[in-house]
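The structure under discussion appears below in the form of structure tokens.
All values reported here derive from a predicted model rather than from experimental measurement.
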Amino acid sequence: MTAQPPSKPHEWETLIENFQSGTGIEKWNSLEPPLSDLLLSSLLRKDFPLQLKLQLLIFLDEFSTSFFPHNHLNRLIESLKIVLQSPLEASVYFTPLFKEHFMISVTSVVVCFSEEENVETVTENLVELLLTVINRPNFGSDRHTRAIACECLRELERSKPCLLSDVVGHLWSLCQNERTHASQSYILLFTTVIHNIVHNKLSVSILNTSHPMLPFNTPQCVNRDDFGSDSGLNTKELRRALAFLLEWPQVLTPCGMMEFVSMVIPVVVALELQPSMLRVQLFGMIHSYDPLLCHVVLTMFLRFIDAFDGQGEVSNRLLLISRESHHYLVFRLLAIHWLLGFNQLVFNKQQSSYIEKKSEHGNEACSILYPSLFDPLALKALKLDLLASGSVLRLKSDSNSSSHDDDDGWIDPVKVFEQGLLSVSSFKWLPPASTEIAIAFRTFHKFLIAGSSHSDSDPSTTRNLLDSMIFRTLQVMLVNMMLESRKLVPVVAAFVDRLLSCKKHSWLGERLLQKFDEHLLPKVKMDYKLVYCFPIFDRIAENQTIPPSGLLELLTNFMIFLVEKHGPDTVMKSWSQGSRALGICRTMLVHHHSSRLFLRLSRLLSFTCLHFPDLEVRDNSRTYLRMLVCIPGKKLREILSLGGTLLGISPSSHQTSFFNVQSPRPSQRFKTFKNLTSCIHFERVTPLLVKQFWSLSLSSLVVSNSKPDYLEGIRDLEQWDRLFW
């Protein structure tokens, strides 16, 4: 079915929706007359509402390559010319907003088709039309339209560098004559042309206006590939033009200033000018209250870091911004981010000369960096990051210095670490889920590994951390934290896991676990709350570098405590906590040799079998004891390790009981395991009432869907409360 040409607003809206959804585009492309002609005629109609015309311009900009043939671009330029040169009476239909959108859309379409053949003439016509618009400087009524025309010319200049090089003298004259707020667009257009001339090493006279601006002709250099083949830059005139541009920063908005400086810096470098001229004109913006202007100064400073001085002034200003509460939080966070990168870059460039300016970066600077009481948590976290980074840079600076005669400038990292944490733990440790705790442990990690980054391949940096005062202080702090608030033990365990999972810093995690074994286990209080410490006990049990004797002794005393305190009011505590303690014993069986565990662990399991009040815990401990006595260590570790992965079951990393795997599924899944003799099958002979009969059997090599045959079995028909030894 052939589509009807759209003539009414709702028909155009339907067409636009079809293009946006990608349905029915073919029927619209087969219209007669073409869709491009219909669109241009609709844009010039006086009875169409402005909102629909703006939608048509957006549609033209978005889908021009789909329906607009490039050989119709001249008609598009003619339509734009009609709109721009319309009489004053037509302003009711062709409003300034419509004219500006029309210029932007046409420029976008021409840039999209710039690589097509025979588009050069179209580009010339568009440039000539836009130059006609801007060639009325200081004319107030259409100042915004002229500014948009300048922006369109900038885009054309970017798509074809040096397109306006022949009329650069006229553009300079227009900049000098413009006094309205459109002067920013004129300045940026002139700066863009100068930047392209310098970048492409084009030898043109900037002061020469003998070449007429209208009619416009494309310069011959645009169609050449050898821009740099001319005799060289006209350095004298370019310097004069740059001096003129540097007199106009006050007319630029912050966004305009960013674009301006990004184009001026390469020009200064290419002309080998003194960076001091930029410092004189632009460095004062660091004291502004606009983040973009501060960013401009930092960009300029980092580009000419070797030629500029005043690093302390920049740092002090950024510190002041971070402390002033009337600034937006985003600006204060940016200031800290800038300081983090700025200090690191300056240190890398100038080594210790910058850090050792004690009047600017000594204890006084550290006191300024400490988070204040009412700082938002995001700002506190970044300030603590900055303290960690500054402490490491200071230590590097001191290590490079030959002497430390002035003790007043010395910064104690431990003191900085402890005082910085007061902002998140000044009175007591908060609950584990609190944001303050997350920030505190983030700070622990930052201070701990700041001196040994992942990009540093030297292993000595990690070994040096093991003997550092920061690491020793952190060990004591974590031990005291777990003794004071046992609910924070899982957070400490997660912190240790983070270190252990890192290939470079796993030594730190192991050393922390060793210190916990030495200093935490002897100090913990024996009560029902000891179970809060089990996550860290699990990590200690997994670590093969830590002797298991201390943990086994603690677990034995805990089992004795549970037996002594058992009564009618304990409810499920004995079963729950006894099972978790056996889970730690299972972890030690998996990760340690039986010879290291046999004596103490057999005593623990024997006591549990004989005296523990819960039947299931006694049953489990009897199983572990039989396995410890009857099965060799290597085979035992294979059995316990394999038990969690049988039948596709993925066990948790820290199991609390041997019986936490699911019930068996169809036995053909056992065929995937080569060593089936390591699989153990448990079965009760009779239901458990008061007495229990049990059997421990090794499954045979032949597995069928029926009940497994047994190669060998061990049966105990004695009463449950007696131990077969």
Has the side chain of Ser485 got a donor or acceptor atom that lies under 3.5 Å from a matching backbone atom of Met482? no
Once you measure the plane-to-plane angle for Phe561 and Phe558, does it fall in the parallel (<30°), tilted (30-60°) or perpendicular (>60°) bin? parallel
Determine whether a donor-acceptor pair (N or O, by modelled atom type, separation under 3.5 Å) exists between the side chain of Gln544 and the backbone of His591. yes
Go through Arg603 and Thr556 one step at a time and tell me if the side chain to side chain contact (heavy atoms under 4.5 Å, CB included) criterion holds. CA-CA 8 Å; Arg603 291 175 180 173; Thr556 302; over 6 Å; no
4.5 Å side-chain heavy-atom contact, Lys487 and Pro431: no
Check the pair Glu616 / Asn620 against side chain to side chain contact (heavy atoms under 4.5 Å, CB included), numbers first and verdict last. CA-CA 6 Å; Glu616 182 181 348; Asn620 295 349; 3.9 Å; yes
For Thr608 versus Val617, what's the shortest heavy-atom pair and its separation? CG2-CG1, 3.8 Å
Which residues satisfy the side-chain contact (heavy atoms from CB on, under 4.5 Å) test with Ala541, sequence neighbours excluded? Leu551, Ile584, Thr587, Met588
Distance-only criterion, 3.5 Å: show the donor-acceptor pairs between side-chain atoms of residues 469-478 and protein atoms not counting sequence neighbours.
| unit_1 | atom_1 | unit_2 | atom_2 | d |
| --- | --- | --- | --- | --- |
| Arg472 | NH2 | Asp467 | O | 3.4 |
| Thr473 | OG1 | Met469 | O | 2.7 |

Taking only residues two or more places apart in sequence, or in another chain, which ones meet Arg442 in a side-chain contact (heavy atoms from CB on, under 4.5 Å)? Ala381, Asp385, Lys446
Atom pairs and distances, donor-acceptor, side-chain atoms in residues 515-532, under 3.5 Å, two or more places apart:
| unit_1 | atom_1 | unit_2 | atom_2 | d |
| --- | --- | --- | --- | --- |
| Asp527 | OD1 | Arg486 | NH1 | 2.8 |
| Asp527 | OD1 | Lys529 | N | 3.1 |
| Asp527 | OD1 | Leu530 | N | 3.3 |

What residues, two or more places apart in sequence or in another chain, satisfy side-chain contact (heavy atoms from CB on, under 4.5 Å) together with Ser501? none
Does Leu640 offer a backbone N or O that forms a donor-acceptor pair with the side chain of Arg586 under 3.5 Å? yes
Could you list all the salt bridge (Lys or Arg N to Asp or Glu O under 4.0 Å) pairs where at least one residue sits in residues 559-578, not counting sequence neighbours? none
